[in-house]
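This one's a predicted model, so the numbers in the text were calculated from it and none came from an experiment.
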Amino acid sequence: MAPLSVGAISKTYDRVFASGTERTKELADLTMGYPYAFQVLGYLYWNQKDNPDMENIIQQYDQYLEEYVYAKIWSELSAKDKAIVGGVIEELEETDSTLVKNSSLRERLGLSSGEFSVYRERLIRKGLIDTSNYGYISFKLPRFKEIAKYWI
């Protein structure tokens, strides 16, 4: 399933919350177009719409994502899948970027190009990573890096 339009999510949040485009754009960006995230974040923000505490909302948001989605995904990954995810997280943390260069990750993990390709394809099929930027990997799921870094 393709992600929802972040622009459309922002407009929906703006219509429902009437909180201004900057806040609703911030909320929409946090979902990365992921439908479940759109629902959860909207619900959490709605509950605090009169006096939103974004730090608290994001903490609850992470908890929902972890408990109801990400823990299940993580439990179904192989040890090598987890090592690659861990390598992506480490690279992202070191570079303060949203993209990891395939070659850099392969070197970090000591994998051949062929072996790396197999696991990269597995993670793509699981909907965990995006490779639309040629030669680079990024996470497809919102706040996955922030949540999964505690599991590696």
Side-chain angles (χ1 to χ4, degrees), residues 1-78 80-102 104-105 116-152:
M1 176 189 269
L4 302 172
S5 162
V6 173
I9 290 172
S10 180
K11 288 176 184 172
T12 300
Y13 281 159
D14 194 42
R15 189 175 60 250
V16 171
F17 303 128
S19 60
T21 56
E22 279 306 309
R23 175 54 56 91
T24 56
K25 183 178 178 342
E26 175 189 352
L27 292 169
D29 287 344
L30 280 169
T31 71
M32 294 175 64
Y34 187 52
Y36 179 71
F38 171 40
Q39 292 175 314
V40 167
L41 193 55
Y43 166 76
L44 295 171
Y45 191 83
W46 176 263
N47 286 337
Q48 293 187 29
K49 69 180 179 190
D50 295 329
N51 190 22
D53 174 355
M54 284 307 293
E55 186 175 318
N56 181 266
I57 290 169
I58 290 172
Q59 182 181 11
Q60 290 178 56
Y61 178 58
D62 286 353
Q63 185 176 347
Y64 272 85
L65 293 174
E66 178 181 352
E67 287 181 13
Y68 295 107
V69 183
Y70 297 170
K72 174 76 170 146
I73 291 170
W74 186 259
S75 73
E76 294 176 354
L77 296 178
S78 73
K80 188 70 82 167
D81 291 331
K82 290 176 181 177
I84 291 172
V85 168
V88 171
I89 291 170
E90 290 170 1
E91 289 272 332
L92 292 173
E93 294 276 312
E94 289 174 9
T95 61
D96 197 32
S97 175
T98 58
L99 298 170
V100 171
K101 198 170 192 173
N102 284 339
S104 174
L105 183 58
F116 178 75
S117 293
V118 168
Y119 288 98
R120 185 186 67 221
E121 288 303 314
R122 286 170 48 116
L123 294 172
I124 291 169
R125 281 194 315 271
K126 290 177 186 283
L128 197 52
I129 63 169
D130 177 28
T131 58
S132 60
N133 291 305
Y134 182 76
Y136 291 88
I137 290 174
S138 61
F139 287 121
K140 286 181 89 168
L141 301 175
R143 300 196 46 83
F144 186 79
K145 177 189 89 169
E146 290 78 8
I147 294 166
K149 72 182 180 182
Y150 296 104
W151 296 331
I152 59 170

Say you draw a straight line from [atom1] of [X] to [atom2] of [Y]; how long is it, rounded to the nearest 0.5 Å?
| X | Y | atom1 | atom2 | value |
| --- | --- | --- | --- | --- |
| Leu105 | Ile137 | CG | CD1 | 5.5 Å |
| Ile84 | Arg120 | CD1 | CZ | 9.5 Å |
| Leu27 | Asp29 | CG | CG | 9.0 Å |
| Trp46 | Lys49 | CH2 | NZ | 3.0 Å |
| Ser10 | Glu22 | OG | CD | 9.0 Å |
| Gln63 | Tyr70 | CD | OH | 14.0 Å |

| request: Give a yes or no on whether Glu55 atom CD has more than 12 heavy-atom contacts from other residues, nucleotides or ligands under 6.0 Å away. | output: no
| request: Check the surroundings of atom NZ in Lys25: do more than 12 heavy atoms from other residues, nucleotides or ligands lie under 6.0 Å from it? | output: no
Using a 4.5 Å cut-off on heavy atoms from C-beta on, say whether the side chain of [Y] contacts that of [X].
| X | Y | value |
| --- | --- | --- |
| Leu77 | Leu128 | yes |
| Ile58 | Glu146 | no |
| Met54 | Glu26 | yes |
| Gln48 | Asp53 | yes |
| Pro52 | Phe17 | no |
| Leu141 | Ile73 | yes |
| Trp74 | Ile152 | yes |
| Phe139 | Ile89 | yes |

| request: Mind listing the closest non-hydrogen atom pair of Leu99 and Ser138 along with its distance? | output: CD2-CB, 3.7 Å
| field | Shortest non-hydrogen contact from Leu92 toward Thr98 | value | CD2-C, 3.4 Å
| Is Glu121 paired with Arg125 through a side-chain N to carboxylate O contact shorter than 4.0 Å? | no
| query | Is a salt bridge present between Arg143 and Glu66, judged by a nitrogen-to-oxygen distance below 4.0 Å? | reply | no
Distance-only donor-acceptor pairs under 3.5 Å for side chains of residues 32-40, two or more places apart:
none

| message | Could you check whether Tyr45 and Tyr13 have their ring centres less than 6.0 Å apart? | response | no
| query | Does the Thr12 side chain pair with the main chain of Ala8, one donor and one acceptor, at a distance under 3.5 Å? | reply | yes
